[in-house]
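Counting convention: from 1, in listed order, for ligands and their atoms alike. As a basis for the values below, the full set of heavy atoms in this structure was taken, side chains included, without hydrogen atoms, waters or symmetry mates.
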Amino acid sequence: MRPSFPLTIGLALITAATPIAAQSSDSVALAQLSLMPMPASIHIDSGGRLALTPSFRVAVPRFRDGRLLRAAARAITRLARHTGLGLTHEVTRDSVLGTLVIDVRGPGETVQSVDEDESYTLDVTTFRAVLRAPTVVGALRGLETFQQLVTATGSGFTVPLAHIADRPRFAWRGLLIDVSRHFEPVDVIERNLDAMAAVKLNVLHWHLSDDQGFRVESKRYPKLQELGSNGEYYTQAQVREVVAFARDRGIRVVPEFDMPGHSISWFVGYPSLASSPGPYALPTDFNFTAGAFDPTRESVYRFITRFVGEMAPLFPDHYWHIGGDEVDARAWDSNTAIHRFMRRHKLKDSGALQAYFNRRLSRILTAQHKRVVGWDEILHPDLPHDIVIQSWRGQASLFSAAQDGYSGILSAGYYLDAMSSAGQHYAVDPIPTGSDLDSAHAIHVLGGEACMWGELVTPETIDSRIWPRTAAIAERLWSPSTVVNVNDMYRRLATVNVELADIGVHHLSGPDAMWRLIAQTDQIAALRALQHVVEPVSLGQRMHTRRPTLLTPLVEPGDIVTPDARGGRALSALLDTLFHDPSRAPGLRDSLAAMFAQWQALAPTIAALTARAPLLTDADSAAGALATAGGIGADALTYLGGGQPASSAWTSDRLAQLDSLTAPRGLLKLAIIPQLRRLVLAAGGAASATGQ
Ligand code: ACM
């Protein structure tokens with residue numbers, strides 16, 4: 001007998017009753033889970049659990065689509081690795097045999113659109129889990145949720161009883177990867193696509209050309225990749241492979257060919273496209289260059305038409321990103337033919353000339369059934385309303401575009417190279433609470449994209465710059481706007497961080513390998529300990545310290561350490577307990593004293609390593625600063641334990657020392673200074689520091 005699916009009615013009720021906010025009938029049970037992104041609606045019933053045993057089987061009774069079966073196979077492999085169970089990979093048609101029954105109504109769109117239905121429901125009983133979705137893409141999202149529900153308990157692996165009805169808040173949830181400045185091979189892209197799928201992102205925005213490199217093979221214009229790259233580019237077969245790989249994971253691939261600026265790499269092989277004769281060479285630095293396409297010549301549009309005609313079948317997505325950012329008007333100002341053209345066409349300034357160029361591009365792309373996406377500079381009243389604006393200069397441009405009826409996606413606030421914390425990105429909402437965008441205009445806000453610009457990342461470091469912070473952005477874009485608890489986000493992110501490593505991204509293994517590389521030893525425990533309490537300086541500071549170029553190998557401590565230093569957050573939590581739970585204070589003071597002693601002990605160890613490994617210089621300098629901070633912390637603890645507040649002279653002197661320790665050590669900064677300030681203030685008797 002085939003089971004009917006008695007939960008359908010219940011789910012309909014749940015969906016109707018809890019339309020937007022993530023809710024749980026059992027918040028204690030929810031607090032033991034690490035779902036990310038949080039589903040739109042989740043009810044946990046702690047009255048039992050579904051046990052995962054060696055007889056676990058996946059059943060796909062109805063719609064057996066290759067994409068779904070491949071996703072099921074990947075999930076089984078991951079579950080087997082996670083649980084240590086020898087699970088069968090055979091997917092049965094028989095629901096009765098299934099521990100996880102995946103019931104899908106149809107394949108979804110042939111070319112996934114921004115309107116693809118990604119919803120799903122997941123019902124877990126003590127017998128089985130049933131995942132239902134209108135499309136395969138929805139099932140892919142639900143499969144990720146199912147895997148995140150699997151929890152280790154003392155006796156084995158189980159899934160809590162749950163009713164989940166989920167769908168995304170925003171339809172466009174992307175990650176930009178810039179492969180122009182530093183090329184990222186196919187395996188890097190594919191492992192990041194796997195990680196994107198795990199957190200339900202659905203757009204890879206592939207930034208394929210910029211001044212420093214043109215990264216796709218053109219058979220029609222081979223000098224694009226032959227002269228416009230250092231030999232590192234994707235063949236057309238590789239592009240097809242990546243697009244298919246992404247589609248298998250429910251991810252669209254939107255190519256960006258940035259023009260008319262950011263385009264020197266085109267002109268190395270084809271200087272006649274440019275508004276100045278050249279010759280052109282690939283820049284080896286990141287200085288702003290003034291080269292741009294010549295928008296006045298018909299031959300330029302013929303070239304672009306043929307180029308787009310060649311590329312369009314490789315990138316089946318309905319959207320095509322034309323870039324359009326940071327066009328330097330000097331590129332056009334110096335050309336008298338361009339001036340004449342502007343007068344003849346009544347184009348009053350370079351903005352109008354760029355709008356003319358974009359209109360022509362838009363027509364070329366429309367003929368290929370593509371819709372235009374561009375950076376916010378392209379917004380101009382002369383452009384058709386079906387373009388999408390990607391806002392990088394601030395949220396205001398997204399809102400003004402939406403007010404004018406243009407769709408938009410937010411990237412301001414999601415720049416991963418800024419080296420902000422996950423918490424800072426998490427606080428950025430495409431439609432913040434209280435925004436004055438009314439609902440008629442808010443529908444134009446399609447979502448957002450995290451941006452991994454490529455100036456300062458290599459295949460070795462890119463994963464630790466993208467992950468795990470992008471998981472927090474993914475949650476912002478998927479989950480209801482009410483899911484805003486930062487501490488809970490960090491709690492869940494700690495688990496997701498480890499899962500992402502299992503999925504295949506190198507964000508945890510990469511830093512260790514690089515410490516070994518630059519320390520020239522496998523004795524890296526001290527460097528790992530330092531890594532927990534230091535962070536990279538901001539992008540601005542980085543660009544102005546030792547001015548990196550494309551020749552910089554990016555193998556310094558500042559390329560290894562990551563935002564969200566774990567030790568900084570742990571210290572904050574310890575201090576919260578210290579000041580709020582006096583019964584635990586003596587024990588916590590001992591733990592803190594041990595921590596500060598460890599900080600002080602790192603300095604001589606790292607100094608000894610640095611004596612043989614000069615690339616560690618910043619680590620050595622940071623370790624020295626950390627030792628000073630540790631000494632200040634130890635003294636503050638002595639005052640706190642002795643019951644007598646420190647003198648105001650001591651307090652102000654130590655605060656001044658801490659201030660001086662905030663200065664970067666090369667490309668590193670300490671991530672524990674605010675916490676030590678709090679401790680010093682508390683030692684001086686300031687009630688505000690202890691929160692009492
Ligand atoms: C940009 O950051 N120039 C889009």
Colleague: Using a strict cut-off of 4.0 Å, indicate which atoms of ligand 1 neighbour a heavy atom of Tyr415.
Modeller: 1 (C), 2 (O), 4 (C)
Colleague: Does Glu326, backbone or side chain, put an N or O under 3.5 Å from an N or O of ligand 1?
Modeller: yes
Colleague: Please report whether ligand 1 has a polar contact with Asp325, defined as an N or O pair separated by less than 3.5 Å (distance criterion only).
Modeller: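 The answer is yes, given that Asp325 and ligand 1 share an N or O pair closer than 3.5 Å.
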Colleague: Between Trp266 and Tyr280, does the ring centroid distance fall short of 6.0 Å?
Modeller: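 Aromatic pair excluded; centres sit 6.0 Å or further apart.
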Colleague: Could you verify whether a donor N or O on one side chain and an acceptor N or O on the other, from Trp172 and Gln390, lie under 3.5 Å apart?
Modeller: no
Colleague: Does one side chain, of Gln212 or Glu455, offer a donor that lies under 3.5 Å from an acceptor on the other?
Modeller: no
Colleague: How many angstroms lie between CZ in Arg240 and CZ in Phe315, if you round to the nearest 0.5 Å?
Modeller: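 It comes to 10.0 Å.
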